[in-house]
Amino acid sequence: MNTTYKLLPALAALAFMGSCNDLDTEPMGGTVTSEQKEQVAAKDPSMAEAGVNALPMMTKQYCGVYNSSNVQSDFGWPASMLFMDSRTADMVSPNSGYNWFSQGLDYSDKNDNNRSTGYMWGTNYNMIYSCNSVLKTIDPETTNETLQYFMAQALGYRAWAYFNLAQMYQFTYVGSQDKPCVPIITEENSDLVAVEGAPRATVQEVYDQILSDINKAIDLLKGTGHIAPADRYAKQFINASSATGIRARVNLVMNNWSAAADDAQYVIQNSRCTPYSIAQVSKPSFWDASDSSWLLAIDVESGEVGNLHCWPGHFVSFYEGGYAGVSVFRKINKALFESIPDSDVRKGWWCDATGASPNLDAAHADVLYSLVEKESDVAYVNVKFDTYQSMFTGQCYLNDIPLLRIEEMYLTLAEAQAMSGNTGAGVATLNDFVKTYRNPQYNCTLSSAYEIQDEIWHQRRIELWGEGLAYYDIQRLKKPMDRIGGGFEPSVVFNIPADSPLRIYLIPLTETQTNPQLPSSANNPEGPVPTPIAE
């Protein structure tokens, strides 16, 4: 049947988003049939390629949601990472007007008209819309390997986006399978959704869609020989190893322990990625996608970002022109820092109580201390992340941003082994990783699966700090968000239980006002204003 696809700037239910797919724009006219689009893609794969090339761009799009240069925190997925990390107990920051992410810090983002939920929803559904646009151009039964690769990119990124949404807008999978999650919009129903809207699917239905997409992507990538990233540029696209890493995360959340272990093992064996060595992380690092430990990355090029409107401007302590210059530093939880042994190289990823770190050379120390009155003002400040090529001015905003590192796969493997009943293997994997790459004196002797899981969570809090995963972990592990003793300002010292409605986002007001199948009555509960706790 020759169905008609009307070119809208976005789905009606998602009116504040746009599309970057070149097949939906001039000079091809205002209305293109799905059959015509498939024919164009079959004759000229470069047309489908244009849509695929847009997908990684959407992870770093400036003004992609609010289309306003006055919103300096609208810079793609890294903004979502900062909002979520600010909600945790692991990232300390000042509750001030210069902190564009303070709404996550003080949980004033609990309203459905707050910009943080707009970022989460907008960034991910914008990605889903573009993935659907790519998939509409390709015959799903194609035997053309180039088109199969393009299809895998769209399926992989769509799975990633739905996985993000599922963890933000409902409690974790286990125990919540029948609860309402988010609408499922695919290339098959998007035309209908644009007219009639879409209801919230259940958590189970969303995870079924995630697994269906990521499984197909992995099969296509393996079939076309795209097993590991070829170079720095390729790390912004999905390959079989990074797609399997995403699936390992999904299986971990679903408590599919054996499957998670198999996935992590595959990535370790096939990705050609290796963890950072102790020497490599004995200085400010984590800015270059070409590093051997990175599997999937936001690869930033000159001209794409600039000034303050970027992740380094809000996050990296050595960016002289960024918010660090007005003391909006990102710090580690004090108690978490003190739990790190001195023999662990990662203790140098933050300054100590006096403002010192063994990882700081003279140049980095001079810049950092120039931003404050005295050295102790940078106690517990992040020095894990360097600026681009250790520049402190000029193009220092060009940091690449890690989305998936091989180190996470070692920790996933250890947890999955322990929780599937093989505690000895889990401890061995954990000890081998930490001893080899972070702390030669480390020795875990735990034997209980849940105690081992907690120790691995502790290692994840340290290893993956600042990489947008801390909030996902406290959600899936059903941990309280406990800031007592962490060094937070008194106004934001909370202990929010795992089942509090504050722990999941409200669906944006824009969506409930425009989606006839998702009225405000179908939204998540708002939850009470959190009450600070006296320490």
Side-chain angles (χ1 to χ4, degrees), residues 8 10-17 19 80 84 112 117-136 140 154-217 243 246-247 249-256 259 471-472 475-476 499 501 503-526:
L8 304 174
L11 297 175
L14 308 167
F16 56 94
M17 302 169 205
S19 171
S80 297
M84 287 190 296
D112 61 1
T117 190
Y119 289 133
M120 309 305 181
W121 193 269
T123 300
N124 286 290
Y125 270 111
N126 203 13
M127 175 67 77
I128 290 165
Y129 178 79
S130 291
C131 290
N132 290 341
S133 297
V134 170
L135 292 169
K136 284 188 176 191
L155 290 166
Y157 264 115
R158 187 169 74 181
W160 176 77
Y162 273 121
F163 187 43
N164 292 331
L165 290 164
Q167 296 177 92
M168 295 169 179
Y169 291 97
Q170 191 49 268
F171 292 106
T172 194
Y173 174 86
V174 177
S176 302
Q177 291 94 323
D178 296 330
K179 293 180 179 178
C181 194
V182 297
I184 295 176
I185 306 171
T186 69
E187 75 280 14
E188 296 177 351
N189 73 345
S190 60
D191 292 347
L192 182 64
V193 170
V195 177
E196 298 182 0
R200 298 179 72 176
T202 66
V203 169
Q204 184 65 62
E205 289 168 336
V206 174
Y207 274 80
D208 287 346
Q209 182 67 50
I210 293 166
L211 286 175
S212 175
D213 283 352
I214 202 67
N215 289 342
K216 290 177 186 175
I246 293 170
R247 190 172 66 184
R249 287 179 175 175
V250 176
N251 281 320
L252 208 61
V253 170
M254 298 178 74
N255 290 3
N256 295 335
Y471 199 72
Y472 288 158
Q475 292 295 89
R476 75 175 177 90
D499 60 354
R503 293 284 292 268
I504 54 176
Y505 284 95
L506 268 71
I507 293 170
L509 181 64
T510 310
E511 177 70 10
T512 58
Q513 287 180 333
T514 58
N515 184 344
Q517 297 197 58
L518 210 169
S520 58
S521 59
N523 210 335
N524 294 325
E526 184 173 312

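Annotation: Q517, atom CD; neighbour count of heavy atoms from other residues, nucleotides and ligands within 6.0 Å is above 12.
A salt bridge (Lys or Arg N to Asp or Glu O under 4.0 Å) check over residues 512-526, counting only residues at least two apart or in different chains, returns the pairs K110-E526. Each salt bridge (Lys or Arg N to Asp or Glu O under 4.0 Å) pair with one or both residues in residues 159-175, not counting sequence neighbours, would appear here, but there are none. Pairs engaging residues 158-181 under the salt bridge (Lys or Arg N to Asp or Glu O under 4.0 Å) rule: R158-E187, R158-D213 [sequence neighbours left out].
Within the 4.5 Å cutoff, the side chain of L165 has heavy atoms near those of the Y125 side chain. With a 4.5 Å cut-off on side-chain heavy atoms, T172 and Y472 do not count as touching. Using a 4.5 Å heavy-atom threshold, the side chains of I507 and T117 count as separate. In this structure, T202 and E205 have side chains that are in contact, with non-hydrogen atoms separated by less than 4.5 Å. Looking only at side-chain heavy atoms (C-beta outward), M168 and N124 come within less than 4.5 Å of each other. Q170 is not listed as a side-chain neighbour of Y505, based on a closest heavy-atom distance of 4.5 Å or more. At a threshold of 4.5 Å between non-hydrogen side-chain atoms, the residues I210 and W160 do not count as touching. Inter-residue side-chain proximity for M120 and N164 is flagged as unmet; no heavy-atom pair is nearer than 4.5 Å.
Remark: Y173 pairs with Y207 by the ring pair (Phe, Tyr, Trp, His ring centres under 6.0 Å) rule, at least two apart or across chains. Qualifying ring pair (Phe, Tyr, Trp, His ring centres under 6.0 Å) partners for Y169, counting only residues two or more places apart in sequence or in other chains: W121. Taking the salt bridge (charged side-chain N to carboxylate O under 4.0 Å, His left out) definition, one finds that R476 meets it with E415, D473, sequence neighbours left out.
Between the side chain of N215 and the backbone N or O of L211, at least one donor-acceptor pair lies under 3.5 Å. Distance alone, capped at 3.5 Å, places no donor-acceptor pair between the E511 side chain and the L518 backbone. Panel note: side chain N189, backbone T186; a donor-acceptor pair is recorded below 3.5 Å. Judged purely by atom type and a 3.5 angstrom limit, T514 uses its side chain to pair as donor or acceptor with the backbone of T510.
In this structure, CD1 on I185 lies 8.0 Å from OG on S190, to the nearest 0.5 angstrom. To the nearest 0.5 Å, atoms CG (N126) and SG (C131) are separated by 10.0 Å. If you take OH on Y471 and OG on S80, they are separated by 13.0 Å, rounding to the nearest 0.5 Å. To the nearest 0.5 Å, atom CG of residue D208 and atom OG of residue S212 are 8.5 Å apart. Between the CG atom in L509 and the CG atom in L506 there is a gap of 10.0 Å [rounded to 0.5 Å]. Atom CD of residue Q209 and atom SG of residue C181 lie 12.0 Å apart, to the nearest 0.5 angstrom.
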L135 vs E188, side chain to side chain contact (heavy atoms under 4.5 Å, CB included): CA-CA, chis, key distance, verdict: CA-CA 9 Å; L135 292 169; E188 296 177 351; over 6 Å; no
Test side chain to side chain contact (heavy atoms under 4.5 Å, CB included) applied to D191 and K136, step by step: CA-CA 11 Å; D191 292 347; K136 284 188 176 191; 2.7 Å; yes
Chi angles and distances behind the side chain to side chain donor-acceptor pair (under 3.5 Å) call for R200, N524: CA-CA 11 Å; R200 298 179 72 176; N524 294 325; 2.9 Å; yes
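Summarising the geometry of A198 relative to N515, their closest heavy-atom pair is O-ND2, 2.8 Å, with the distance given to 0.1 Å. S176 and F171 make their closest contact through OG-CB, 3.6 Å (heavy atoms, listed as atom of the first residue, atom of the second, distance).
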